[in-house]
Protein chains: 2
Amino acid sequence: MSARVTAAEVARAAGVSRSAVSRTFTPGSSVSTSTRNRIEAVAARLGYRPNALARTLITRRSRIIGVVMAAIDNPFHAQLLQCLDAALQARGLAMLLRGAARPEMTDELIHHLLSYQVDGVIVASGLFSSSAAKACVGVATPVVMLDRLMRAAGASAVGSDNRAGARMAAEHLVALGRRRIAFMSGTPGISTSSERAHGFLDGLAEAGLAPIAIASGRYEYAAGQGAAEALLAHAPDAIFCENDLMAMAVLDVARARGVRVPDDLAVIGFDDIPAAALPAYALTTVAQDARAMADAAAALLEERIEKPARRASRRLIACTLVRRRSA
Amino acid sequence: MSARVTAAEVARAAGVSRSAVSRTFTPGSSVSTSTRNRIEAVAARLGYRPNALARTLITRRSRIIGVVMAAIDNPFHAQLLQCLDAALQARGLAMLLRGAARPEMTDELIHHLLSYQVDGVIVASGLFSSSAAKACVGVATPVVMLDRLMRAAGASAVGSDNRAGARMAAEHLVALGRRRIAFMSGTPGISTSSERAHGFLDGLAEAGLAPIAIASGRYEYAAGQGAAEALLAHAPDAIFCENDLMAMAVLDVARARGVRVPDDLAVIGFDDIPAAALPAYALTTVAQDARAMADAAAALLEERIEKPARRASRRLIACTLVRRRSA
DNA sequence: GTGAAAGCGCTAACAC
DNA sequence: GTGTTAGCGCTTTCAC
C-alpha cells in the first residue's frame, strides 16, 4: 500500500500534464485559476506534496541550511539554536543540524553537510579550518560563522561585540571602586575568548590597572570551580568571567568560603543565560542578544545565497550590561 | 567557477564509466581493487562527493530523520537533543530539525519534513494529531514519539517510566515522614504530565494520603513561581514538582519567605537537569536518562525503517531518584 | 568486473 | 495557458 504519490499521478487524475501540476506548486508560474483549482483539489485528495529533493536536483536550491553547533547543552547555545530555528523557519528554510562533540570534527561534518547540497552553512562551533573553507568555496556554498570568527577567509561572520562588552564589564568594576581584579577566561584559541580578554584588559588598562590573576575555566561550570579556587587564593575584590556558567561557579565557591558578594567580591559574567537571573545568583552580566545574532546570521546567509557574487561581510551585535546584585 | 563536480566528470577523468564511480561509493558493490583505487584517487583530487539527494531519488532512502522538538531552550530538551544528535550521527543519519513554538504547529511541521523525504520522524513536542499520523502512515514513514505518547495509533514511543518515577518521589516523601504534601503539575493534556500525576497520586494513596493542594506551573520557572505561592499558602511540609525548573522556583520562593528546606519543606523535582546539582539548589529529583531515551528512539526508528512490516512498539526507560539536600 | 541504458520525481525551456 | 521534451546526478538491472 501507500506508495508516495507523484506529480504524474496527480496529472493523470486531473486530466492535465505534469507541467501543469508543477506550475501549480511553483509560486509565480502561469496557470489558469480553473486548472489550478482542479489540480489543487486532486492533489489534496491524493495527499500529494512535491518531492523537495527531486526539485532540488533541477533548481539547484535545496532550501536546506546546514548548522554545526558545539555543546548544544550549554544554555546560551540552546537559546541560539532556538532563535536560529525561528529565523530559518521564518525564511522557509530547513535546518540540517550536526552537533560537534569535538572541535576538530567540524571539518568532517561540513563535508557531510555539503553532500546534502545545503544552500549554506552556519558554523557555531570550534575551529573552521582552511580545508573546510576551501570545500565550501569549491562548491560555492556560503558560510557564516556565528559567535566564532574564522581563520580562513571567505566566510561571513556574525558575533557579539565581545570587545566592547567585556570593556563595559571592566569599566563597571572600576567605577565600583574595585582594584584587585581577577579574570577567568574561556577556551583558549577561540576567537570569542580572545576578544573578550582584549576588551577587558583594555578597559582595565584605561584605568591604569591590570588583572591580579588569570585562570581558564573552559566555559564550563565544573572547570570554573577549579579556576575560581585558584583566583580566590589571590584575594581579589572582583572577578570577571567570560561566561555565566563560570561566574556561577565563582559565586558558589565564594559562598562556600564565606566570601560575601558583592561586598567582598564583585562578580560579572557574560551571556545572560536564564539561570543568571535566578535569585540564588542574581548575576550581573554582559548580555548577548541571541535573537539578533540568529536573525543576522540567517539574513547574511540568505543574502549571499541570493547574490553569490557578494563578498563575505560581518555583523557585530551590541551587548548590554545587565546589572543585578553580584556587582 | 567551481560547479559541483559530478560522477560523470570523475568517470571521464579516470577513464571509466559512471557505473564504476557509483559502485566505488556504494558499499558492497563489486569493483576491482585497482579501478576502485584509481577512481578514489581521481575523486579526491577533484573533490568529488556523491550527491546524497540524487542518490535518495533512486534508492528511496534519504538517511535523513526529521525531528520536531518543543522548547529547545528547556535544559532537559537541550540535553535530549544533544543525545539525539549523537545517536543519529552514530548511525550515519542526518537530522532535519524543526522547533515547534506552539504545539498546534506540529502537524504542519510534519508535512514539511515529509516533503524532504525523511526516512523517519521523531516527535518530542506537543500533540501529534491523527491527521499528521495519517500523513506519515500514508507515505509509510515511521514515527517515534519521544517523551510524549500519541493519541493516534501507529507510532512507536519512547519515554521515561514517569509513573514509577513519580511514585518513587511519593514514597520517598512518605518515608521522610511528610504528611502535608502538595503537588505542582506541568502542562495539562501532555501525556507525560498525567503519567507523573497518576504515579505520584498512587504512591501517596498507598500510604493513605492525598495531596493537600495542587497547582500547575506549566513546566516553566516563571509560571512555577506563581504556582509555588499558591501551594505555600497551604503550609505543606513537602512539594513534588513535575520538573526541576518548577522545583527551583519553589525553592526560591520558599527561601524568600524564610521557609527552611528541607526542615520545614521537602522539595522533589523531575528530570535532573544540570542546574539541579548546583549547590544553591541541591535538588532531590527523579532523574531521566536522556542518553538512553535518545538511543532507544534512534534504535526503534531504525528498526522500523529497515523492516517496515514491523509493528509500532514502545520502550520505557527507568528513572532513578537522585538524593540531594532538598528532600 | 564493467559499461550501456533506463529511470527516480521534478522543473524549465520551447513550441503551440 | 498548456503540453512536450530534455535533462538534474545518481543507482541499478542487464548484457557482456
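Below, read A as the first sequence line, B as the second, and so on, with proteins coming before strands; counting in each chain starts at 1. All values below were derived from every heavy atom in this structure, side-chain atoms included, with hydrogens, water molecules and symmetry-related copies excluded.
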* Asked: Can you find a side chain N or O atom of Tyr116(A) that sits less than 4.0 Å from OP1 or OP2 on dG9(D)?
  -> no
* Asked: Under 4.0 Å between a side-chain N or O of Ser32(B) and OP1 or OP2 of dT2(C)?
  -> yes
Would you kindly give the [atom1]-to-[atom2] distance between [X] and [N], to the nearest whole Å?
X: Glu9(A); N: dG9(C); atom1: CD; atom2: P; value: 8 Å
X: Asn51(A); N: dC10(D); atom1: CG; atom2: C1'; value: 14 Å
X: Arg18(B); N: dC8(C); atom1: CZ; atom2: P; value: 17 Å
X: Leu57(A); N: dG9(D); atom1: CG; atom2: P; value: 7 Å

* To do: Check each residue of residues 22-31 of chain A for a non-hydrogen atom within less than 4.0 Å of any atom in DNA chain D, then write out the ones that pass by number, or none.
  =>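 By residue number: Arg23(A), Ser30(A), Val31(A).
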* To 10°, what angle do the rotation axes through the five end pairs on each side of the helix from dG1(C)-dC16(D) to dC16(C)-dG1(D) form? ->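 Here the local axes at opposite ends form an angle of 30°.
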* Asked: Do Gln117(B) and Thr56(B) get their side chains close enough for a donor-acceptor pair, meaning under 3.5 Å?
  -> no
* To do: Could you pick out which residue, Ala54(B) or Ala20(B), lies toward the 5' side of DNA chain C when each is mapped onto its nearest nucleotide?
  =>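 So the residue in question is Ala20(B).
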Need one value for [X]: base, sugar-phosphate or nothing, where a base atom within 4.0 Å counts as base even if backbone is also close, heavy atoms only.
X: Thr35(B); answer: sugar-phosphate
X: Arg60(A); answer: sugar-phosphate
X: Val16(B); answer: sugar-phosphate

* Spacing of His112(A) atom NE2 and Gln89(B) atom CD [to the nearest 0.5 Å] ->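 Rounded to the nearest 0.5 Å, the NE2-CD separation comes to 8.5 Å.
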